[in-house]
Amino acid sequence: MSNIFDRFDWIVDDGKALNARVSRERRQESRRVRRQGGMTMKTLLALALSLICGVSAASATQWPGGAKAAVVLTYDDALDSQLDHAVPVLDEAGFKGTFFLTGLKLAAIPRWRAVGAGGHELANHTLFHPCPASKFSTEPRYTSEAYTPAAMLREIEQQNVLLTALDGKPTHGFASPCGQTLAGGVDYIETLRAANLVTYARGVYTSPDDLRADVGRMDPMHIPSRGFDEAVTGAQLIAFAKEAQTGGGMAVYLFHGVGGDYLQVSDPAHRELVAWLAAHRDEVWVTTLQGALDWAKAHPDAKH
């Protein structure tokens, strides 16, 4: 179990490192602008807002029904606690979630097929969940170091076949195992894009700008999300949705266990979040990740 927590710590640390890099790049851009002349007042004001307030250059998406934001609840690893606790709560509220499946158990296949038939999104998380050997204990042949990009794409393609057998859909989204896209030390994300095997790729980090971004202009192969530690409260989960509500963007939650298994959020905290979303459904649109991306693409911001 400690190795699983090590994997999550690595994902969180990687997100912090990315945030630090973004901040560093903003400081560098500010110095570059000061060295250059001829900048228009409009450009300077836009840069100032970006540096001081973190405002994204892209405007927020116009969500259906006048909603101020979209919320997407995603669940990784095809865990029993998701079937036992998450799905019933979502169904009771009339919400649909996105479940990234990997390592499916034979006994659970009828239940996952029913989840897909109920309108939830079933998505690709590979067959064997290959992660770096230093972050996740598994057989050496299933570590990401042992893969090539071609081997990773073949595995993703085979998982698509399994998903289609479950839900009958010809295409599926994807979430990279452990939030990283290296196979044998080579980044495979552009190869995956070119292969057209998946409709999007979800990552593991969300910046403040992401919560204000026009989702229709996001790179579908770099979709942000946010994970939470086991001590997270319902109020803290709700705060993430409120951030998106203020920014007008999309909040993508990343869950593993719900009231059980590993990297779990408690069942009460999860229920509190869903209850809040249900009470604010006129202001926050809860949908699947594919549903949010499809809507944003079909309804581009008229100002762009």
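Predicted, not measured: the structure shown is a model, and the values here were computed from it. When reading the values below, keep in mind they use all heavy atoms of this one structure, side chains included, and skip hydrogens, waters and symmetry mates.
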Rounded to the nearest 0.5 Å, what separates atom OH in Tyr253 from atom OH in Tyr75? 10.0 Å
Could you tell me whether Arg226 and Glu243 have a side-chain N and a carboxylate O separated by less than 4.0 Å? yes
Beyond-backbone contact of Leu83 with Trp112, side-chain heavy atoms, under 4.5 angstrom: yes
Any salt bridge linking Arg202 with Asp76? Criterion: basic side-chain nitrogen under 4.0 Å from a carboxylate oxygen. yes
Give a yes or no on whether the backbone of Leu163 and the side-chain of Asn160 come within a donor-acceptor separation of less than 3.5 Å. no
Between Gln180 and Leu182 (side chain of the first, backbone of the second, donor and acceptor by atom type, cut-off under 3.5 Å), is there such a pair? yes
Regarding His125 and Asp77, is there a side-chain donor-to-acceptor distance under 3.5 Å anywhere? yes
Does a side-chain heavy-atom distance below 4.5 Å link Tyr262 with His256? yes
On a heavy-atom basis, which atom in Val72 and which in Ala292 lie closest, and how many Å separate them? CG2-CB, 4.1 Å
Drop me the distance from Tyr142's OH to His129's NE2, to the nearest 0.5 angstrom. 14.5 Å
My understanding is that only residues two or more places apart in sequence, or in another chain, count here; which of them pass ring-ring contact (aromatic ring centres under 6.0 Å, His included) with His172? none
Hey, does the side chain of Arg281 reach the backbone of Ala278 with a donor-acceptor pair shorter than 3.5 angstrom? yes
Among side-chain atoms of Ser81 and Asp84, is any donor-acceptor pair under 3.5 angstrom? no
Using the ring of each side chain (for Trp, its six-membered ring), is His299 parallel, tilted or perpendicular to Trp295, with breaks at 30° and 60°? parallel
Taking the six-membered ring for Trp, are Phe174 and Tyr200 ring centroids under 6.0 Å apart? no
Do the charged groups of Arg193 and Glu190 touch, with an N to O distance under 4.0 Å? yes
Is the backbone N or O of Ala67 less than 3.5 Å from a side-chain atom of Glu283, with the two atoms forming a donor-acceptor pair by type? no
Hey, does the side chain of Gln264 reach the backbone of Gly260 with a donor-acceptor pair shorter than 3.5 angstrom? yes
Side-chain donor-acceptor pairs of residues 90-103 under 3.5 Å, sequence neighbours excluded:
from: Asp91; atom 1: OD1; to: His120; atom 2: NE2; distance (Å): 2.7
from: Lys96; atom 1: NZ; to: Gly118; atom 2: O; distance (Å): 2.7
from: Thr98; atom 1: OG1; to: Glu121; atom 2: OE1; distance (Å): 2.7
from: Thr98; atom 1: OG1; to: Leu289; atom 2: N; distance (Å): 3.0
from: Thr102; atom 1: OG1; to: Thr126; atom 2: O; distance (Å): 2.8
from: Thr102; atom 1: OG1; to: Leu127; atom 2: O; distance (Å): 3.2

Is the Phe255-His270 ring centre distance short of 6.0 angstrom? yes
Please tell me if the side chains of Glu272 and Ile238 come closer than 4.5 Å, counting only heavy atoms from C-beta onward. yes
Can we say Arg111 and Asp80 salt-bridge, meaning some charged N sits less than 4.0 Å from an Asp/Glu carboxylate O? no
Assess, by modelled atom type and distance only, whether the side chains of Glu155 and Tyr147 contain a donor and an acceptor separated by less than 3.5 Å. yes
Let's go through Leu104 and Leu166 carefully: what are the C-alpha distance in whole Å and the side-chain angles of both, what is the deciding distance for side chain to side chain contact (heavy atoms under 4.5 Å, CB included) to 0.1 Å, and is it a yes or a no? CA-CA 11 Å; Leu104 281 168; Leu166 289 174; 3.9 Å; yes
Is the side chain of Trp276 donor-acceptor paired with the backbone N or O of Ala241 at a distance under 3.5 Å, no angle test? no
Where the side chain of Thr206 meets the backbone of Ser225, is there a donor-acceptor pair that is under 3.5 Å apart? yes
